[in-house]
Amino acid sequence: VQLQASGGGLVQAGGSLRLSCAASGRTVSNYHMGWFRQAPGKEREFVAVFSSRAGGTRYADSVKGRFTATGSNLKNTVWLQMNSLRPEDTAVYYCAAGNRPWGHSSISQASGYNYWGQGTQVTVSS
């Protein structure tokens, strides 16, 4: 499994960005596709997960109502639409693929994912 994240950049507070994660093979249809972020000096944290196989999405409380995770089996790509961005959203964003049970707590933990992309930087200025 190979994952390639893109779409990061510099945006002002209140702005929007759309991240993409292109996957190899049939990854999007076979795995839960998570988004995580890591700010300098902080641990990697869960942002959202899109799962075609489970038919659902989940979000961290900090991004609910602002971020939307979607995906396409046909394009083997997932996206993270980020609106109303805040300076505290500044981080390197990673996409990941995992196959833990959908109801397991590890769905929202980095340990629940087997494959990781290289990350894309998102910087939100105040």
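- Interatomic distance, SG of Cys95 versus CD of Gln118, reported as 7.0 Å (0.5 Å rounding).
- In the hydrophobic clustering of this structure, Val92 groups with Trp116; members are Ile, Leu, Val, Met, Phe, Trp, Tyr whose side-chain heavy atoms approach within less than 4.5 Å, directly or through other members.
- Put simply, CD on Gln4 and OG on Ser20 are 10.5 Å apart, with the number rounded to the nearest 0.5 Å.
- Using a 30° and 60° split on the angle between ring planes, Tyr93 and Phe67 fall in the tilted class, from 30° to 60°.
- Judged by distance alone, the side chain of Tyr113 and the main-chain N or O of Ile107 form a donor-acceptor pair under 3.5 Å.
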Margin query: Apply side chain to side chain contact (heavy atoms under 4.5 Å, CB included) to residues Thr70 and Val78 and explain how you reach the verdict.
Written below: CA-CA 6 Å; Thr70 58; Val78 293; over 6 Å; no
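- The aromatic ring centres of Trp79 and Phe50 sit 6.0 Å or more apart.
- The distance from atom CZ of Arg37 to atom CD of Glu45, rounded to the nearest 0.5 Å, is 4.5 Å.
- Salt bridge status for Asp61 with Lys64: present, with a side-chain N to carboxylate O gap under 4.0 Å.
- Listed for the Asn30 side chain is a donor-acceptor partner under 3.5 Å among the backbone atoms of Arg26.
- Using a 4.5 Å cut-off on side-chain heavy atoms (C-beta onward), Leu19 and Val122 make contact.
- We find the CZ-OG distance between Arg100 and Ser111 to be 6.0 Å, quoted to the nearest 0.5 Å.
- Interatomic distance, OG of Ser51 versus CE of Met33, reported as 10.0 Å (0.5 Å rounding).
- At least one side-chain heavy atom of Trp35 sits under 4.5 Å from a side-chain heavy atom of Cys21.
- Shortest non-hydrogen contact noted between Ser126 and Ala13 is CA-CB, 4.4 Å.
- Side chain of Thr120 to backbone of Gly8: a donor-acceptor contact under 3.5 angstrom is found.
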Next item on the list: Determine, step by step, whether Thr27 and Tyr115 satisfy the side chain to side chain contact (heavy atoms under 4.5 Å, CB included) criterion, reporting the C-alpha distance in whole Å, the side-chain angles of both residues, the deciding distance to 0.1 Å, and the verdict.
Entry: CA-CA 10 Å; Thr27 303; Tyr115 305 99; over 6 Å; no
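- Within the 4.5 Å cutoff, the side chain of Thr68 has no heavy atoms near those of the Met82 side chain.
- Closest heavy-atom contact between Asn73 and Ser52: ND2-OG, 2.9 Å.
- For the atom pair CG (Leu3) and OG (Ser24), the distance works out to 6.5 Å, reported to the nearest 0.5 Å.
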Next item on the list: Mind running side chain to side chain contact (heavy atoms under 4.5 Å, CB included) on Thr123 and Val11 for me, showing each step along the way?
Entry: CA-CA 6 Å; Thr123 303; Val11 64; over 6 Å; no
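- Residues Thr90 and Glu88 have side chains that never bring a donor and an acceptor to within less than 3.5 angstrom of each other.
- Nearest heavy atoms, Ala69 versus Ala48: CB-CB, 4.1 Å.
- The main-chain N or O of Lys75 is found under 3.5 Å from a side-chain atom of Ser72 such that the two form a donor-acceptor pair.
- Side-chain rings of Phe36 and Tyr94 stay apart, their centers remaining 6.0 Å or farther from each other.
- Two residues are said to be in side-chain contact when any heavy atoms from C-beta on lie closer than 4.5 Å; Ser108 and Arg58 fail this criterion.
- Atom CD of Gln121 has more than 12 neighbouring heavy atoms from other residues, nucleotides or ligands inside a 6.0 Å radius.
- More than 12 heavy atoms of other residues, nucleotides or ligands lie within 6.0 Å of CZ in Arg53, so this atom counts as buried by the packing criterion.
- Ring orientation note: the planes of His32 and Trp102 are tilted relative to one another, at an angle of 30° to 60°.
- Using a distance-only test at 3.5 Å, with no hydrogens or angles considered, a donor-acceptor pair links the side chain of Asn76 to the main chain of Val28.
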Note to self: Between Leu80 and Val47, is the side chain to side chain contact (heavy atoms under 4.5 Å, CB included) condition met? List the steps.
What the structure shows: CA-CA 10 Å; Leu80 184 67; Val47 175; 4.1 Å; yes
